[in-house]
Every structure is written in C-alpha cells, then in structure tokens.
A.B. asks: 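If you scroll down you'll find the structure; I have some questions about it.
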Amino acid sequence: MEKEFHVKCAKCGHRVAYVTPIAGCEQCGHDWLDADYNLDALAKTWQPNLASRPFNTMWRYWELLPLQKQDNIISMGEGGTPLLKATNLGLMLGHRHLYLKDERQGPTSSFKDRQASLAISAMKEAGVTEAVVASTGNVAISYSAYCARAGIKLWAFLTSTVPADKMRETAFYGTEVIKVTSTYDRTKIVAANFAGHKRLFVDRGVRSIAAKESMKTIAFEIAEQLGQMISEDDTGPSRAFDGPAIHPLGGGQARTAGRTSRWCVPDWYVQAVSGGLGPVGVWKGFRELYQMGFTKKMPKLALIQAAGCAPMVNSFKADLEEAEDVTDPQTRITTLATGSPGAVYPFLRNIMLEHGGVMEAVTDEEAFRAMRVMAKMDGLSMEPAAALACAGVFKLLGQQIIKPDEVVVINISGHTFPVEKHLLGDDWARTLGTAEAAALASHSPAPREGLMTALNRLDGRVKRVVIVEDEPDAARLLRRILQACGKYQIFEAQDGSTGLDLIRRERPDLILLDLMMPELDGFTLLEIVKSEEEFRDVPVIVVTAKELTSAERRRLDGQVESLLQKGSFTEEDLLGDILEALE
Ligand SMILES: *Cc1c(COP(=O)(O)O)cnc(C)c1O
Ligand SMILES: [Zn+2]
C-alpha cells in the first residue's frame, strides 16, 4: 500500500507531492518544510481505523506519518507508552492532575526512539546506506539501534561532555563515534561538513520532516489516553482522574470498532527543551487533531531549559524576536545543551504569544533534586533532562502559572545510569559480613545474638514515629517520605483513639497528627497527650488540610512543633521540620 501526501514550505506555502527526503523549497529555497495531509478526508475514516488497531507502537497513526510504503517501517515497539498519573507527587504538591508520558519505556529509553524509527525508515525508503548524525547523546543511541536494524552505517558526532556511558552505548551498536571537544552547536557544523565531504546523508534534526512528524505521535497518544482516563460525563474543572493508566497492549482495553473515541487535550504539555524538536512536533500533532475536529482546544506549552543554557527562555523573557545564542553553555545536563536554537525559537515564541504558555529555566541542582523526589515519591527513575521538566513544573506550580485544576502532562525519559553514582554518594547500601549474613539466614527459631546484632545494624539508629491520619492517601504519603529517608520506624493509626493507644504503647520520638478525624479529633488527642506527664515532651507536627480559624490556632499555640498545610509542603519541608523536632 502506497500513501500519497504533500510537503509545504513554511515561508512561501509552495506545495509539492512528496517523493523522497527533500532538503528545501524548490521555489524559494527555504528549509523549513512541513508534511501536509488531506485532513478533511482523513477525519471521516481515521477513528474507526484506529479503533481496530492495538495501542502498541506509534505506527498506529500510519496515515499521518510521512512514509510511503509500510514495507519500509523499522519498528521496535517505539511509542504506545503509558500515561502515568503522579499520585504521591500530586498529593505532595496539592495538584491532582499530574500525568507523566513515560517515554522511558521506549526501546532505548527516550522519546528519540519515535524520531529514530521514522527517520531511519525514511532513510531506508530513500535508499540511504550510510548516514551522519550530531547529537547530545540520546539521538545517537536511538539512531544507532535503529540503523543497526536497518543495515545502515552510522557516524555519530557527540560533544565530549556527553557522559561516557552514553558514548559506549552508542558505540556498542556498531556506530562510529566521533567525540568533538566543543559545544553541541559547533559539533552539528562539524558533522554537516564531514557529511558534505564524504557525500553522506546527514540528519537535519528539526529540519527533517520525519523527525518533526514522529513527535506528533506523542500528542496523538496523550489525547487518546486522557480521553479514556477522564470519565465521559465529567466535564467540569474538578474532574475525577483516578482511573488506571491506559496501556491496552494486547487489546484488553481496546475500544470496539466504530465507536467514536474521545480525544482529550491537556491544559499543559511540559518538556525540557534543547533544540525544540519535541514541542514543534507535538504542537503539530495537537493542531492536526484540532483541524480534524476531534478536539476543541490546543494545550499550552511549558518549555523548560537548564539555567546554564537557556537561550529560548532568556530571549523570550527579554521579548526578543530572534534568539540570543548562548555560546558557552554552563550545564552538566548535556542533553539540553543547545545554545543556538535558530528558527525554532521564533516559531515557538509565536505559539506562546498566540496561545499562552511559558518558557522557564531551572538550575541543574533543582533538576537533580527533582530526580530524587520523582524516584522516591512515585518510583520513577528518570534522567536529569527529564527531571528538569519536573523541576520546572514544581516552579510553575509555586508561581501559580499552572493552576491547581489544570491537567498537566510531562514528557519523561530514562537513562539514569550515568548519574546515579554521583547522586547517591557512597552510602547507598549497607553491607552484612559473612557471620551476620549466616545468622540472618539461619532458620533457628530462637533469635541468636548474631541475629539481633545484624537486625540492629540494618535498622541503624532509628527514631520512632507515630502517624495519626484517617485519610489513607495522606498517610501513605507521610509514610513514603519517612521511608525514603530510611531512618524511621513508623507506626500508623487511622483514628484518634487508636492513635492514643498507639502512642501510649509505642512511646514514639515524634507524632505526626492530622486534625480532622471523626470522633476523637486531633485537637482533643493533642490535649490528652500534652496532659500526660510522660508524653508532654514528645514533639508533635500537625499536618492538616484545614484552613485554621484563629480560635483553632490558639488551641495549637505552644503545643505543636510545626504546622504543615497538606498539598503545599514539599518533601524537604516535612523532613526539615521532623529533624528539627527530633533534635
Ligand atoms: C532530546 C531530549 C530533550 C530535548 O528535546 P528537544 O525537543 O529536542 O528540545 C529533552 N529531554 C530528553 C530526555 C531528550 O532526550
Ligand atoms: Zn518556499
């Protein structure tokens, strides 16, 4: 089956039938071309077609991808990734509509797998056998895997600051790796010149039609997944989002053919940005859905850059029409080290000016901190570049640019291993000696001395904490924060009177107390505890969802160490207060 579509010049609008990868407009020479499909005709047939296909690769959206023959597809299961709700993080931040597009689950763990699959398929279709690419790491890894599969020889030009693990992974696929001791922007020029001399095909990044078009599939998937996760009759701002992540691999959740599926657009699409290919393509995807009449709005883009290399953010804030380049990027997150965004900046800027949206920068340290928080709070280990997008969301929530009832989707990728060793330090595991291990492994019923020593060593010097909290989600969040520090023995009660018994029995070093509980509430519990000689000095931290009246504040005055408002404290606030209370 052969597909027909056109390409259109972004400058003069000249439109020609697509034949093979085209470098520029034949009328005006401009090099920003876009694939152009017959959306009106497609709008009538696409949804029933989709309903009968599995949600397991991005090729599900075949009709809107710029490849002519299905025979040329090089696929390894890219796309079709889960959309995960950030439950614990949402509780911590007081934001119930945070979703993560889990691109870690691609064949090489980043959203570049979509780009590689389409770009390498297009190379195959064009008869390319040897190609050149410049990369800050992830594109090189992904292209290497797909080129190996397609039998295309690849030359990857990487800046020397790309972590060695990523370089090795690239080489492992048989790619020729060239380290360039310079910035990424210069590396791109070196690669293009090399390709010119050797007359090889060079990947054109954001100017490649295939690369841009591949990113659309992120938008399509998000819209389909949100459409299923948001219940049909809930249209108000405080919709319930507590359904499972929809990942109907194997057809378990597949909709029946012919049924019109719902597409739903998030209020925000958030991504860490380097060259900006992702948001350019994702935007086109949402626009095509809108043009086909499947959706009624466009998302706002939140584009996050590393503070040490934020040409788009700086230029946007300075209201510049063209980007001012960063010639000496100062970030350890090499993935995001594009200092010269070129035509992508005015393109994205126009979108912001027309549709809202925001460009914001965060520091490397904020990204590393977000990386720890995401791993510990929601079990998501991601690479610093992805964590930087999460740090951006923390910041935008704090500035109330992202509102509490808005639906937010953050694009995240994997590749944690190059940084884990720096983030964890040396103290990340405890070692048991042979004798201790033997003691723990023995089945003898009476604990021997060795066993107790071993257990004590594993426990370390723990503090005992009682949590009295009737809301299971909040209790889980508090427990999770304490567990993540590894130093606390935790006892939990779901109501006031059980809590009181627990305190009397376990004699904790610290009490975390909710105020609003049925029957014996937190105020009363606090009064009883404070009236008993042996518990008077146990510190109490109140964690409450309630706006306190001044009378209530007076009741707590002098009785509690600190007061935290649920949904607005960060992990560090709580830990800081706990450590202070325990001192
Ligand atoms: C490539 C990449 C980015 C930057 O994406 P652009 O859309 O090209 O700016 C961000 N995060 C990760 C994990 C990436 O691989
Ligand atoms: Zn033109």
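Just follow the structure's listing: the first ligand is 1, and inside any ligand the first atom is 1. Side chains are part of it too, since the values below use all heavy atoms of this structure and drop only hydrogens, waters and symmetry mates. Here, residue 1 is the first one in the sequence, and each next residue gets the next number.
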A.B. asks: So if I count the atoms of ligand 1 from 1 in the order they appear, which ones are less than 4.0 Å from some heavy atom of G278?
C.D. replies: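 Answer, ordered by atom number: 6 (P), 7 (O).
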A.B. asks: Under 4.0 Å from ligand 1, counting heavy atoms only, is it the side chain of L336, its backbone, both or neither?
C.D. replies: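 Within the 4.0 Å criterion, L336 contacts ligand 1 through side-chain atoms alone.
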A.B. asks: Mind running ring-ring contact (aromatic ring centres under 6.0 Å, His included) on F347 and W32 for me, showing each step along the way?
C.D. replies: CA-CA 11 Å; F347 180 87; W32 187 305; 4.9 Å; yes
A.B. asks: Distance only, no hydrogens: is a donor on one side chain within 3.5 Å (strictly under) of an acceptor on the other, for Q115 and S214?
C.D. replies: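 No pair is found: no donor N or O on one side chain lies under 3.5 Å from an acceptor on the other.
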A.B. asks: So if I count the atoms of ligand 1 from 1 in the order they appear, which ones are less than 4.0 Å from some heavy atom of A385?
C.D. replies: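 Selected atoms, number and element: 11 (N).
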A.B. asks: For V206, is the nearest heavy atom under 4.0 Å from an atom of ligand 1?
C.D. replies: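 So V206 does not count as touching ligand 1.
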A.B. asks: Examine the side chains of D364 and T331 and answer whether a donor and an acceptor come within less than 3.5 Å of each other.
C.D. replies: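 Yes, because at least one side-chain N or O of D364 sits under 3.5 Å from a partner of the opposite role on T331.
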A.B. asks: Return yes or no for this condition: an N or O of G276 is under 3.5 Å from an N or O of ligand 1.
C.D. replies: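 Such a contact does occur with ligand 1.
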A.B. asks: Using the Zn ion (ligand 2) as the apex, give the angle to atoms SG (C25) and SG (C9), rounded to 10 degrees.
C.D. replies: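 It comes to 110°.
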A.B. asks: Testing the 3.5 Å rule here: is there a donor-acceptor pair between the side chains of E288 and Y61?
C.D. replies: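 No, no side-chain donor-acceptor contact under 3.5 Å.
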A.B. asks: Should you measure from each heavy atom of V273, which atoms of ligand 1 turn up under 4.0 Å away?
C.D. replies: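 The list of qualifying atoms is 9 (O).
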A.B. asks: Output the list of atoms in ligand 1 that are nearer than 4.0 Å to some heavy atom of S413, sorted by atom number.
C.D. replies: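 Near S413, the atoms of ligand 1 are 13 (C).
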A.B. asks: Mind running salt bridge (charged side-chain N to carboxylate O under 4.0 Å, His left out) on R349 and D319 for me, showing each step along the way?
C.D. replies: CA-CA 9 Å; R349 175 174 181 265; D319 203 21; 3.0 Å; yes
A.B. asks: Atoms of ligand 1 less than 4.0 Å from P279 heavy atoms?
C.D. replies: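 Taking each heavy atom of P279 in turn, ligand 1 has 7 (O) under 4.0 Å.
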A.B. asks: Examine the side chains of N88 and K376 and answer whether a donor and an acceptor come within less than 3.5 Å of each other.
C.D. replies: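 Checked: N88/K376 side chains show no N/O donor-acceptor pair below 3.5 Å.
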A.B. asks: Run the numbers for me: atoms of ligand 1, each under 4.0 Å from some heavy atom of N138, listed by number.
C.D. replies: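 Contacts of ligand 1 toward N138, numbered from 1: 13 (C), 14 (C), 15 (O).
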A.B. asks: Going by salt bridge (charged side-chain N to carboxylate O under 4.0 Å, His left out), D34 matches just one of K212, K11, K8, R287. Which one?
C.D. replies: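 Only match with D34 under salt bridge (charged side-chain N to carboxylate O under 4.0 Å, His left out): K212.
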A.B. asks: Under a 4.0 angstrom heavy-atom cut-off, which atoms of ligand 1 come close to A272?
C.D. replies: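 So the answer, numbered in order with elements, is 3 (C), 4 (C), 5 (O), 10 (C).
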A.B. asks: Provide the full list of ring-ring contact (aromatic ring centres under 6.0 Å, His included) pairs with a residue in residues 161-188, sequence neighbours left out, each pair given once.
C.D. replies: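 Those involving residues 161-188 do not exist here.
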A.B. asks: Taking atom types as modelled, is there a side-chain donor on E78 or Y146 under 3.5 Å from an acceptor on the other?
C.D. replies: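 Yes.
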A.B. asks: Could you check whether the rings of W62 and W59 sit parallel, tilted or perpendicular, using 30° and 60° as the cut-offs?
C.D. replies: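 Because their plane-to-plane angle lies in the 30° to 60° range, the rings of W62 and W59 count as tilted.
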A.B. asks: Look at atom 1 (C) of ligand 1 and say which protein heavy atom is nearest, naming residue and atom and giving the distance to 0.1 Å.
C.D. replies: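 Ranking protein heavy atoms by distance from atom 1 (C) of ligand 1, first comes K112 NZ, 1.4 Å.
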A.B. asks: Does E103 reach ligand 1, in the sense of a heavy atom lying below 4.0 Å from it?
C.D. replies: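 Per 4.0 Å heavy-atom rule, E103 does not contact ligand 1.
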A.B. asks: Pick one of side chain, backbone, both or neither for how T335 approaches ligand 1, counting any non-hydrogen atom pair under 4.0 Å.
C.D. replies: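 The answer is the side chain.
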A.B. asks: Do the rings of F157 and F194 sit parallel, tilted or perpendicular, given the 30° and 60° boundaries?
C.D. replies: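 The arrangement is tilted - the two ring planes meet at 30° to 60°.
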A.B. asks: Do any of the N/O/S atoms of C12, backbone or side chain, fall under 2.8 Å from the Zn ion (ligand 2)?
C.D. replies: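 So C12 does bind the Zn ion (ligand 2) by this criterion.
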A.B. asks: Could you check atom 5 (O) of ligand 1 against the protein and tell me its nearest heavy-atom contact, residue, atom and distance included?
C.D. replies: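 Looking only at protein heavy atoms, the one closest to atom 5 (O) of ligand 1 is Q271 NE2, 3.2 Å.
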A.B. asks: Atoms of ligand 1 less than 4.0 Å from E383 heavy atoms?
C.D. replies: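 The list of qualifying atoms is 13 (C).
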